[in-house]
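One structure is given here, and the rest of the page talks about it.
Just so we're on the same page: letters track the sequence lines, and every chain starts at 1. When reading the values below, keep in mind they use all heavy atoms of this one structure, side chains included, and skip hydrogens, waters and symmetry mates. Values in this document were obtained by computation on a predicted structure and should not be read as measured data.
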Amino acid sequence: MTAFVESFATQQLLPPWISKGAQSWMFAVAFDAARATAYLNSYFNGFYPDRAPFEYSPIPGPQYGLLCATYHPDISCLNYAHWDTLSHTEVYWSYPVLRRTITEDHLLVDPTVVWVEPFMLDDNPSIVFSSREIWGSDATLATVVRKMGPAPNQFHLDVGLNAVRKYSPRSVYKPLAVLHIKAEGGQRITDVAQFGQSRPDLAQLVNILGASAQFAGGQTGGPPGGVLLNNLKQIRDAYDLRAAIYRAIVESHSTRTDVDNLVVYEGAEVELDFMWSDSLAETLTEMFGIKAPTAAGPPSDHSAKGRVGAGHMAWDLDRAHLPVVFGFSFTSNVTYEVVRTLHTYGV
Amino acid sequence: MQEMLPFLEVETAPALSTFRGSPPETSLATLAQSREAGWMLEEMVNGSNFVEWASLGLVPTSMRTVSLKQIRDAVDPSKALYQSLVTCRSYYYDITNLRMYNENDITITFHDTGSFHEVLQVFLQLDSPTPTGKPITFRPKAGFRFNADIDFDQMRTIHTFPVDRGPGLPPVPASSDLVARWLRPLRGFFGPVSP
């Protein structure tokens, strides 16, 4: 293969990555299978111009996704020790789907549970650009403000973006609040199996989470340990910006070890509000089916007039509340590695 | 651990004409310190854009940048999947408020710390092969400021390098596109058929 031309400007965080002592908060949200189908058909099942030999579909049964926030205090390249070690916080929406291989006889075989990540917000430019240019994630640079110092069973995180409140041809991007998550009263649990039995409606999700070691004490019967993530990696043409000069499906794998400090939050204990603006409306409609704000003004923690937190983001926006089924948090060490390029489209 | 560190600092005295800083007569900028000269310079820049427009681009006066666009392979990030030369025009117009600084009062300081050393090696003559941790200070030959509208446009790929994308994938063939914008319609009418 052709060598990449290295320079001071290309010192990205190269995979595989190792994150030590990561703190994760994950909130399970129910959503319509039609939303997953639309996303999968647009990103993975289309003809670009050829079709990948895979069929992606929602997993059978009720659909649950995870809105996740992870603080990585110490993340670095596993194979490039002289390059930077970073710290960052990421917030992303992710859910499991079913991938089946299409044979030459047009049979669907080899069903595999993989995860997709329709959007990711991150506060570190190195991570954003490495995620976009190498992994193919749809990552966006954001301001993430997390309240420090609460008890282990409390959590408050806000996210801001440069965005437009109301679009017009002369709109100027300004820092706007986009997400507020607050959770209180979490309970430390040690027996995941018992928790799963107490919530039969969530058995499938708990089973997948347990098998992927996102829950301490993995379950059986699910996929092998770790999470398989599929991204559509695509790069725009410089002349025709609607065209891609490269498009491929990249499969990566994350493995969590030393999972500890598991805390579970009941859904009623979690405030999860997206702040409504024209910049975010399309994403909220496509991902969650929310077509308008569900409540007036910001959450009670944020003044509509003031600018709050280190991000100095505006909060005088209406909000769309997203019901949370349950949430959980834990600490772990995480290894991220690219497995393979599943399919390169003939652009 | 990566952290936010100072990389570059630029300090100036107020723009000329000013009673602060070094005596104004010590600066070459005094040649253009009158209001009339300032207007003349603004008009020269605006006029240069007219020259480019009137000459159909044959006398280019705006700034064009060329950059190497390349994409890493996800599995082996030391390899490239795509490499090309991309050009873009920076077109300055409606230039106003052009003011010169006394170059004797401008101080530019780079901090030779950690990973910044590799950046500084690109355009500074550094004696040490490793970061010294000391600031590097110098004065420029001239300094000025202005307000302008800037278009970044006419972006296109002028050359795509042949790239071997690995086993099982057809290589990316080389291709070039150096035809001037004004010639494109004529070339399309009389020239060879594109593959």
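Contacts of B:Gln70 with chain A are made by both backbone and side-chain atoms, with heavy-atom separations under 4.5 Å. Proximity to chain B is absent for every atom of A:Ile75, based on heavy atoms less than 4.5 angstrom apart. Contact annotation for B:Pro167: neither backbone nor side-chain heavy atoms come within less than 4.5 Å of a heavy atom of chain A.
Taken to the nearest 0.5 Å, the OG atom of A:Ser76 stands 8.5 Å off from the CE atom of B:Met1. Summarising the geometry, atom NZ belonging to B:Lys69 is positioned 7.0 Å from atom CD1 belonging to A:Ile235; distances are rounded to the nearest 0.5 Å. We find the OG1-CG distance between A:Thr341 and B:Leu81 to be 7.0 Å, quoted to the nearest 0.5 Å. We find the OG-CD distance between B:Ser78 and A:Glu6 to be 7.5 Å, quoted to the nearest 0.5 Å.
A pairwise comparison of heavy atoms in A:Tyr239 and B:Met155 identifies CD1-O, 3.5 Å as the closest pair. Nearest heavy atom pair, residue B:Ala74 against residue A:Val250, reads CB-CG1, 3.8 Å.
With sequence neighbours excluded, no residue forms a side chain to side chain donor-acceptor pair (under 3.5 Å) with A:Asp74. With sequence neighbours left out, A:Asn124 forms a side chain to side chain donor-acceptor pair (under 3.5 Å) with B:Gln2. By the side chain to side chain donor-acceptor pair (under 3.5 Å) test, A:Asn230 pairs with A:Tyr56, A:Arg99, A:Glu251, sequence neighbours left out.
Applying the 6.0 Å contact sphere to CZ of B:Phe161 captures more than 12 heavy atoms from other residues, nucleotides or ligands. The environment of CZ in A:Arg236 is sparse: at most 12 heavy-atom neighbours from other residues, nucleotides or ligands sit within 6.0 Å.
Tested against A:Thr2 for a side chain to side chain contact (heavy atoms under 4.5 Å, CB included), the candidates B:Asp73, B:Val163, B:Val172 yield a single pass: B:Val163.
With chain A as partner, the option from B:Thr157, B:Val86, B:Val119, B:Leu68 having the largest number of non-hydrogen pairs under 4.5 angstrom is B:Val119.
Close approach to chain B, defined as a heavy atom under 4.5 Å from one of its heavy atoms, is seen in A:Ser126, A:Glu133, A:Ile134 of residues 125-138 of chain A, taken by number.
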